[in-house]
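Residue numbers begin at 1 in each chain, while the letters A, B, ... track the order of the sequences. Values in this document were obtained by computation on a predicted structure and should not be read as measured data.
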Amino acid sequence: MFSRKRWKEAGTAYTLLSPTLFVLLLFVIGPILFAIYLSFHKVQLLGTASFQFVGFDNFTRILDDTRAKIALWNTVKYVVIVVPTQTMLALVLAATLNAGLKGEKFFRIVYFLPTLTSSAVLTLIFMWMYNQNGLVNHVLEFLGLPTYNWLGDPSVALNAIMIMNIWSTAPFFMVIYLAALQDIPDSLYEAAELDGANAWHKFWYVTVPYLKPVTSFVVIMGLIGTFQLFDQSYIFSGGSGGPNNATLTVVLLIYQYAFKSLGTMGYAAALAFALAIVILLATWLQRKFSKEESLY
Amino acid sequence: MMNKKTWFAVGMSTMLFGSVLAGCGGEEKTAKNENKGETKEEQVEVTLAGWGGNPMEQKLLKQTLDEFEKKYPNIKVKHEVISDQYMDVIKTRLIGGEGPDVFYLDAFEAPAMIETGVLEPLDDYVTDDFDIDDFEKPLLDAFKGPDGKIYGFPKDYSTLALFYNKKMFAEAGLDVPKTWDELREAAKTLTKGTEVYGFGVAPELARLYYIAESKGGKVVTDNKASFADPKVVEALQPIVDMRLKDKSAAQPSEVGAGWGGEMFGQQKAAMVIEGNWAIPFLQETFPNTEFGTAEVPTIDGKKGTMAYTVAYVMNKDSQKKEAAWKLISFLTGKEGMKIWTSKGFALPTRKSVASELGYDKDELRAALVAGAPYATVWQNGTNLPIIMNNFNNQFVSAFLGEQPLDEALKKAQDIANKEIEAK
């Protein structure tokens with residue numbers, strides 16, 4: 001079936017690809033396969049390492065794990081609120097920046113700043129502002145609004161993280177939108193104007209449809225990013241997912257099982273695998289709805 | 001075409017994994033061989049890992065290690081400070097075969113670590129000179145394995161004591177509470193709205209364990225959670241009532257403090273129950289807060305407090321066990337411990353050192369030392385981390401008034417035991 005020449009060609013290609021392949025196999029494909037292997041075993045790494053095959057036990061255990069359910073529920077709640085909000089905010093910010101106002105470049109920098117800060121530092125700064133006697137509560141009090149125990153009250157802790165995350169990631173997607181906005185040919189707007197469209201019409205009937213592939217990208221990236229929420233809730237709760245499991249996310253739970261408790265590495269791998277499937281499903285659903293055929 | 005690629009990928013990764021695993025295996029073997037061939041005159045370097053302390057503590061440890069190197073010129077100590085997530089780092093390093101020779105281990109983590117077999121039993125190294133009976137027995141027992149062997153020697157400890165704000169007490173004309181009922185009454189008097197709370201509570205099992213067991217209930221039974229016992233609920237209910245009914249207690253985060261010591265230092269709590277670590281912190285960070293210490297108030301006439309202790313342990317895979325033991329025996333020996341605890345940042349676990357340094361007569365530390373004989377050591381079997389996690393989660397929600405305490409603890413107990421059974 002394969003001629004000698006094709007074999008040779010393939011050989012040369014693989015030789016040239018080998019550095020990349022090597023890195024990919026070692027750091028991406030290898031670990032993925034190993035994680036799948038782990039998820040079917042009861043693993044004890046400390047001391048005498050032991051791998052005991054347990055079939056689907058790790059997966060059935062998820063169904064019986066109250067904390068896993070809470071973590072999934074928290075994560076889903078987080079995704080459902082954060083992804084649409086940050087996408088819309090990003091679009092609105094980008095549109096205002098693209099409107100040709102004065103000082104546009106200055107605002108572009110100001111809007112983008114939050115994204116540049118590392119999320120760990122950001123979380124610490126926000127925790128300080130969320131403090132019971134902190135900035136946020138002072139502002140709320142000044143405006144005559146109710147104040148909250150942002151860090152300690154289970155019913156608002158996750159919201160506090162949501163607000164912070166929307167604020168810090170929306171600008172990143174804003175930049176992507178901005179690039180796409182500048183791609184929209186002026187002729188489209190001119191044509192719309194001739195048809196008697198006002199600013200709102202132009203935005204809704206020209207800009208938004210034209211940005212559909214970008215929106216699709218932003219939503220998928222947002223989905224993946226939010227499902228993987230870890231560092232913020234980790235720092236917020238000091239690694240416990242508290243108060244009362246309110247900030248427990250799936251990845252935080254995986255971390256706890258993998259590194260905090262001994263001998264549950266296999267179960268952690270199973271949880272990670274389940275999360276991958278959930279993300280896959282969410283992405284697939286999103287693509288089904290938007291019927292987008294663009295490439296990424 | 002696709003098939004070929006897939007097979008290639010599978011083959012390649014198998015090869016890679018094979019070589020990685022082979023690499024690990026080889027290292028272990030050489031480690032065991034070298035261990036025997038060590039001679040005394042050779043220069044050896046021992047690694048010692050621990051978490052950081054305040055600058056004064058660092059200096060004291062440095063001083064102790066310098067003394068050690070003077071005494072054993074052929075041994076050099078490489079001190080590594082792991083500043084965050086200490087246990088995660090240590091476990092990962094041990095798994096990777098890169099563990100330090102000697103490291104700190106909290107009593108709370110000890111049973112699980114001993115069970116895995118990564119620690120070296122130290123009985124065979126002990127000589128008469130080392131005087132093992134000099135240690136406070138409950139603290140030493142915390143590092144005994146189920147086989148009766150000793151896996152670590154406690155370097156220091158702290159108990160809990162009642163810290164009270166002298167000025168607030170004088171203004172209110174109150175005496176320092178001796179019983180828990182007096183404490184509750186005092187807390188009511190000392191509370192000023194949401195500005196000052198009478199009592200700062202850390203709603204954690206590590207701090208409440210002795211209270212939880214004060215009415216005869218058990219938090220842990222047969223390595224499983226049993227804290228939904230009505231006797232435990234009854235014992236903990238007053239703490240919840242103080243916050244919800246009396247409005248005289250709060251946790252540090254409610255007033256924007258990180259922990260009890262800070263809350264107390266900022267004068268947002270008139271009383272807290274904290275350990276030895278709070279003394280230097282308060283003196284340095286809040287020199288204007290005048291405070292005193294007293295033994296933890298009694299419950300039903302019985303004294304109780306917690307004890308937290310940390311030991312030096314040896315890595316079983318260490319290649320320099322002789323030198324490592326010399327280090328451990330110096331650090332936990334009379335000489336080393338005396339330097340380490342000389343400034344009172346930590347309390348000595350050896351009775352002889354304690355009486356020599358006279359902390360039982362120290363104004364602030366006497367209450368802490370007095371607690372040692374009746375303290376409950378913060379440790380209970382291999383599943384305590386799981387039990388603690390679930391307790392803390394639900395107790396906070398009861399403490400904040402989201403659900404009744406008995407329901408919260410029942411829920412926490414069920415989840416904890418489910419997790420333990422699935423292990």
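Only the side chain of A/Tyr255 comes within contact range of chain B, with heavy atoms under 4.5 Å apart. B/Asp414 does not touch chain A: none of its heavy atoms, backbone or side chain, sits under 4.5 Å away. Residue A/Tyr257 touches chain B through its side chain alone, counting heavy-atom pairs closer than 4.5 Å.
Sparse packing is recorded around CZ of A/Phe142, with 12 or fewer heavy atoms of other residues, nucleotides or ligands lying under 6.0 Å away. Residue B/Lys418 places its NZ atom among more than 12 non-hydrogen atoms of other residues, nucleotides or ligands, all under 6.0 Å distant.
Of the possible polar contacts, none joining the A/Asn149 side chain to the B/Glu254 backbone as a donor-acceptor pair under 3.5 Å is found. At distances below 3.5 Å, at least one donor-acceptor pair connects side-chain atoms of B/Lys91 with backbone N or O atoms of A/Lys260.
Inter-residue side-chain proximity for A/Phe259 and B/Val89 is flagged as unmet; no heavy-atom pair is nearer than 4.5 Å.
Looking only at heavy-atom pairs under 4.5 Å with chain A, the residue among B/Val118, B/Asp88, B/Val396, B/Asn383 that has the most is B/Asp88. For the options A/Tyr130, A/Tyr234, A/Trp150, heavy-atom pairs under 4.5 Å to chain B are most numerous at A/Tyr234. Ranked by heavy-atom pairs under 4.5 Å with chain A, the list B/Ile95, B/Asn389, B/Asn392 is led by B/Ile95. No other option in B/Glu115, B/Met113, B/Gln85, B/Lys411 has as many heavy-atom pairs under 4.5 Å with chain A as B/Gln85.
Put simply, CG on B/Leu94 and CG on A/Leu46 are 5.5 Å apart, with the number rounded to the nearest 0.5 Å.
Contacts from residues 397-406 of chain B to chain A, taken as heavy-atom pairs separated by less than 4.5 Å, involve B/Ser397, B/Leu400, B/Glu402, B/Gln403 in sequence order. By a heavy-atom distance cut of under 4.5 Å, A/Arg61, A/Asp64, A/Thr66, A/Arg67 are the residues of residues 58-72 of chain A near chain B, going up by number.
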